[in-house]
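This report refers to the structure that appears directly beneath it.
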Number of protein chains: 2
Amino acid sequence: MANSASGESIIGRFVKIVSAFDDRHPAMSVAELGRRTGLPVTTVYRLVNDLLLERLLEREPGGDIHIGTRMWELASRGSKMLGLREAALPFMEDVQAVVQHSTTLGILDSDEVLYIERLGSDKTIVDITKIAGRLPVHATSSGLVLLAHSPAAYQDAFLARPLTKFTDTTLTEPAALRRHLAEIRQRGFAAMPGVIVPESSGIAVPVFGPDNTVRAALSVVVPRNEENAPARVPVLMAAARGISRALGWRGELKGTLRQSH
Amino acid sequence: MANSASGESIIGRFVKIVSAFDDRHPAMSVAELGRRTGLPVTTVYRLVNDLLLERLLEREPGGDIHIGTRMWELASRGSKMLGLREAALPFMEDVQAVVQHSTTLGILDSDEVLYIERLGSDKTIVDITKIAGRLPVHATSSGLVLLAHSPAAYQDAFLARPLTKFTDTTLTEPAALRRHLAEIRQRGFAAMPGVIVPESSGIAVPVFGPDNTVRAALSVVVPRNEENAPARVPVLMAAARGISRALGWRGELKGTLRQSH
DNA sequence: CTGTCGATTCCCGCTCAATGGTAATCCTCC
DNA sequence: GGAGGATTACCATTGAGCGGGAATCGACAG
């Protein structure tokens, strides 16, 4: 499935090229693009031209390349995430108005948490979440909530892998994590003081879809020294229920009760 | 640049496939995808497999295909629109809180208005704007504001084309449109009563970047019968200035004054 | 249980688009 | 003016993409 010496398909190279751009490198010359992707120069120039023709990439006056508007448009138009995001946004605004720090919405994707929305850019606290950014599951409150409500088979597979310890409070032992997940299910929320960044805490609650499976995690990041962090939980839970309902969820079903037996 | 009988490149076909999905068709079988794109069956199956491998597309339990999370992630990560959107969102929320109907943020892309954010889903008014949706320039308040502040060369090229008349109030004559654009520049906003949909009016103001060029249009859609529509303008203008400033704009520059001489 | 219809996968020979090295050209900046 | 980098032009090679056709799977009806 590849004409190239390295055995990659064009699609693979396309992904490589687009992946070379991130928030730290939103634009670059074609030559640099070649260096970052490790692809042969000529190939990059040819492929970039194709992508420019389709407007998936755009060339700015200086000659540098950046991701095209068309790319975002195509990715968004048929995306199911738009629905989730639009359902969640009003509730997130309410949370943000009350909690004042930083509110995020994350989903589980490829064994990582992918943040699809984020409100509030409070410079007073350390918050490494970014829209379209990823963080590890076992080191974020969002991730733990998502994992806690995932199918047992998925949890088992996840816990079978070695996990990185970011700070002294990061749980990496499968048994300990399993206990923690059970706790999260029982309490209905996850609170992680300083799991990746020691100075801030995350609190997250699950958002459910119509079939009662977890769709996303709604979370807030607050300074760790803040005493009344648990007081945030009711607000978050109410908002999460609102989002779930907007998605077509109709309250706890018998299935859920059965699970908790 | 194409291996196919029809003379399309893989990238072109990739765009065709992704374009087949929209808000009305967020998921479909591979066979239907083939029908919608008009590509040979075998080819679609092969290409879809490649895209599934890269997670640009995803297969849901039923077998239907939909656009993958990865696609959105890649498109968003290095996109400049995220910055614009994030700068605008808080101000848009303020506008939305006051105006109550529907607030949108649009940019000029391929001679059309592309809406990149939208707040408020008031069912009481007709509003055909959608996130990642497109509307014609000359028939929307956002489009007219963007056009009014575009380079003269672009305006000339645009006005040289034939324009569709949507309702009796749609301006399509180049001369009349030119006068209207001048008016918009002078007043600082565009107000279009029922240009595409007769029942609703749009009001839009420009958002500028650091180089004092227009970046986006901030607009609200209100019911046409509403008398105090012009009263919305100051709110919009203040918000637009706030967004512009967040983007690095530093007030009217000499260049602008020179232009208006 | 059998038949129909559609979706999906498998098969396979053809062929030309993609490949990627090398070299020429166009830049800037010192 | 010339050194260093970015970009374009050229071109022989070749295997990935192509797509028609047939086989398989699956749902549903009679």
Side-chain angles (χ1 to χ4, degrees), chain A residues 1-22 24-68 71 74 78, chain B residues 1-22 24-68 71 78 211:
Chain A
M1 183 188 316
N3 209 355
S4 62
S6 58
E8 297 169 303
S9 67
I10 297 191
I11 298 299
R13 297 187 155 188
F14 162 67
V15 171
K16 252 193 184 173
I17 285 179
V18 179
S19 300
F21 298 92
D22 57 24
R24 286 192 160 276
H25 309 85
M28 65 190 80
S29 71
V30 184
E32 189 178 349
L33 194 51
R35 258 177 271 118
R36 280 174 67 86
T37 55
L39 299 174
V41 255
T42 316
T43 304
V44 179
Y45 276 98
R46 185 165 16 86
L47 202 46
V48 164
N49 269 340
D50 282 11
L51 295 171
L52 286 173
L53 281 178
E54 294 290 348
R55 304 194 53 250
L56 297 179
L57 295 182
E58 281 168 12
R59 166 164 272 145
E60 37 194 66
D64 276 11
I65 303 295
H66 63 114
I67 295 195
M71 181 87 186
L74 288 178
Chain B
M1 182 186 312
N3 211 354
S4 61
S6 59
E8 299 169 302
S9 66
I10 297 191
I11 299 298
R13 298 189 154 187
F14 163 66
V15 172
K16 253 193 182 173
I17 286 179
V18 178
S19 300
F21 298 93
D22 57 24
R24 287 191 159 277
H25 309 84
M28 63 190 81
S29 72
V30 184
E32 189 178 349
L33 193 51
R35 258 177 271 120
R36 280 174 67 86
T37 55
L39 299 174
V41 255
T42 317
T43 305
V44 180
Y45 277 98
R46 186 168 11 88
L47 203 47
V48 164
N49 268 340
D50 283 10
L51 295 171
L52 286 172
L53 281 178
E54 295 290 346
R55 305 193 52 247
L56 296 180
L57 295 182
E58 281 167 13
R59 168 164 271 144
E60 37 195 66
D64 276 11
I65 302 295
H66 62 117
I67 296 196
M71 181 85 187
D211 54 356

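All chains are named by letter (A, B, ...) in the order of the sequence lines, taking the proteins before the strands, and each is independently numbered beginning at 1. As a basis for the values below, the full set of heavy atoms in this structure was taken, side chains included, without hydrogen atoms, waters or symmetry mates. Please read all numbers here as calculations on a predicted model, not as lab measurements.
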Phosphate contact (dG20(C) OP1 or OP2) by R46(A) side-chain N/O below 4.0 Å
no
Below 4.5 Å, heavy atoms only, C-beta onward: do L51(B) and I65(B) meet side chain to side chain?
no
Side-chain contact check for S29(A): nearest option of dT8(C), dA6(D), dA18(C) is dA6(D)
Short side-chain N/O contact to dG17(D) OP1/OP2 from R13(B), under 4.0 Å:
no
Do D50(A) and F14(A) have side chains that get closer than 4.5 Å, going by heavy atoms?
no
Which pairs, with at least one residue in residues 56-65 of chain B and sequence neighbours excluded, count as a salt bridge (Lys or Arg N to Asp or Glu O under 4.0 Å)?
K80(A)-E60(B), R55(B)-E58(B)
Scan V41(B) against the nucleic acid and name what it touches under 4.0 Å (heavy atoms): base, sugar-phosphate only, or nothing.
nothing
Quick one: on DNA chain D, does T43(B) or D64(A) contact a more 5' nucleotide (nearest heavy atom)?
D64(A)
4.5 Å side-chain heavy-atom contact, I17(B) and L39(B)
yes
From dA18(C), dA7(C), dT7(D), nucleotide with atom closest to R35(B) side chain
dA7(C)
Could you tell me whether T42(B) contacts a base, only the sugar-phosphate backbone, or nothing, with contacts defined as non-hydrogen atoms closer than 4.0 Å?
base
So does Y45(A) get a side-chain nitrogen or oxygen closer than 4.0 Å to the phosphate oxygens (OP1/OP2) of dT7(D)?
yes
Of L47(A) and A31(B), the one whose closest DNA chain C nucleotide lies more 5':
A31(B)
